[in-house]
Amino acid sequence: MLMIIFAWLSILPTTLLIPQKLLWVTSTMQSLTIAFLSIAWFFQQDFAFSNHLSLLDNLSGPLAILTSWLLPLTLLASQSKLSKEPLIRQRLFIANLTALQLMTLLTFTASDLMCFFIFFEASLAPTMIIITRWGSQERRLEAGTYLVFYTMAGAAPLISFLAALYSNFGSLSTLLIHLTPTPSLNLNTGLFWAICNMAFLVKMPMYCLHLWLPKAHVEAPIAGSMVLAATMLKLGGYAIMRFSTLLPEPPLTQTPLFIFIAMVGIIATATLCMRQTDLKALIAMSSVSHMNLVIAATLVQTQWSYTGAIVMMIAHGLTSSALFCLANTTYERTNSRTMILLRGAMLILPLTTTWWLMTLLSNMALPPSVNFYAELLIMTSIFNWSTMIFLLATLNLIFTTAYTLYTLWSTQRGQTSSHLKTLFPFQTREHLIMIMHTSPLLLLILNPTLISM
Ligand SMILES: *[C@@H]1O[C@H](CO)[C@@H](O)[C@H](O)[C@H]1NC(C)=O
């Protein structure tokens with residue numbers, strides 16, 4: 001753990017000192033080393049590793065590896081756009097991006113709840129800097145403001161809950177609190193649960209609290225979008241599961257409202273996807289839809305649903321980040337996120353179409369994929385809980401298929417228009433990004449228990 005953190009910190013001096021020619025190569029190589037080192041966490045039995053500072057278990061282990069894996073990918077993906085900027089801006093960008101992902105990793109692995117809270121909030125600053133300074137459109141300031149205000153407002157109840165917990169126990173270590181009996185707070189209601197988890201529900205984001213997300217995604221540079229989709233949203237789900245042992249368990253009769261909101265959210269955002277013309281907004285909406293399924297799973301609170309939630313978070317992290325990369329490669333060439341402009345790209349770039357097909361199909365949860373495994377677990381536990389809600393969730397399957405086909409159709413098929421004939425082919429770097437996204441997805445099919453609880 002410490003080794004990884006030090007390796008991570010060593011990127012910061014590199015970015016500031018190394019000569020311009022070697023800047024991207026060295027930082028990418030360093031981050032690749034970190035990514036491969038982090039795989040070693042898989043070989044620890046059950047991720048059992050903890051001390052008073054950091055904690056790796058079945059819940060945080062896979063997410064920590066995902067975060068480390070994503071670092072070289074974000075650096076690779078932002079290279080072409082950024083290498084045209086002034087040198088100092090490139091250095092600051094890499095430094096900020098590294099800091100952001102380090103914060104996320106520390107949030108996942110913190111064993112003390114106060115540390116967790118501090119890193120959780122601290123990751124907000126680099127995110128906002130990346131969106132507002134390196135975003136390419138004028139509305140990025142508005143997006144940054146939305147992001148900060150939503151998150152900050154959600155965090156206020158959380159800090160008071162943590163303070164109350166500390167005055168009850170005298171400690172905020174996750175390990176110790178497990179050993180003590182559940183707190184004698186007489187507030188066993190679903191509403192109490194929701195208020196304590198407000199910070200995480202905003203981060204996930206739950207439907208109704210999700211308005212900041214499409215804005216942030218549309219305005220952010222590619223690295224920002226990737227980090228947001230792949231790890232920042234997962235912070236919420238991870239925290240809800242981590243806190244569920246501390247909070248008094250809400251009786252299930254009191255949570256239908258939230259499950260209902262999540263279900264309506266899944267369906268509403270999936271139907272919205274079918275009417276999107278903006279590629280990035282579509283992917284953001286589809287993330288909201290998937291994350292609401294995770295919220296429903298964490299509310300059901302069974303072993304299966306938790307396993308489903310964690311597998312879903314990993315699978316969706318990789319898939320949505322891959323989709324953003326694909327959207328970005330076309331954005332860099334056509335300077336437009338409008339899907340219709342890409343119509344007929346299949347004839348010109350067949351290999352790219354293969355990448356699109358692979359990622360879109362796993363986003364849709366086609367059977368052998370890990371996403372399907374996750375959805376199966378979540379759907380079964382929802383069915384066990386209530387048949388009505390299950391029926392709502394099955395509607396989602398139809399809509400998801402519909403918008404997947406819509407995306408594929410409007411970006412790849414159809415009449416090839418003449419402006420596409422001058423399109424640059426994919427670079428090796430872009431193929432590498434896609435390979436590094438899809439190979440973990442494919443390999444996990446062989447052994448999905450690696451990331452289940
Ligand atoms: C992030 O960027 C800002 C300005 O762009 C800079 O002032 C700050 O030092 C950077 N943060 C890190 C951790 O390098």
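Every number for a ligand or one of its atoms is a count from 1 in the order of the listing. Quick caveat: nothing in here was measured; it's all calculated off a predicted structure.
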Between Trp356 and Gln412, is there a donor-acceptor pair closer than 3.5 Å when you use the side chain of the first and the backbone of the second? no

Residues at least two apart in sequence or cross-chain that pass side-chain hydrogen bond (donor to acceptor under 3.5 Å, both in side chains) with Asn292, listed by chain then number, are none

Regarding Lys280 and Glu219, does a basic nitrogen lie under 4.0 Å from an acidic carboxylate oxygen? no

Would you kindly check if the NZ (Lys) or CZ (Arg) of Lys203 is within the cone defined by 45 degrees around the ring axis of Phe120 and under 6.0 Å from the six-membered ring centre? yes

Can we say Glu142 and Lys215 salt-bridge, meaning some charged N sits less than 4.0 Å from an Asp/Glu carboxylate O? yes

Using ring centroids (six-membered ring only for Trp), state whether Phe243 and Phe200 fall under 6.0 Å. yes

Write none if no such pair exists; otherwise list each N/O atom of ligand 1 with its protein N/O partner under 3.5 Å and the distance.
unit_1, atom_1, unit_2, atom_2, d
ligand 1, 2 (O), Asn96, ND2, 2.2
ligand 1, 5 (O), Arg133, NH1, 2.4
ligand 1, 11 (N), Asn96, OD1, 2.7

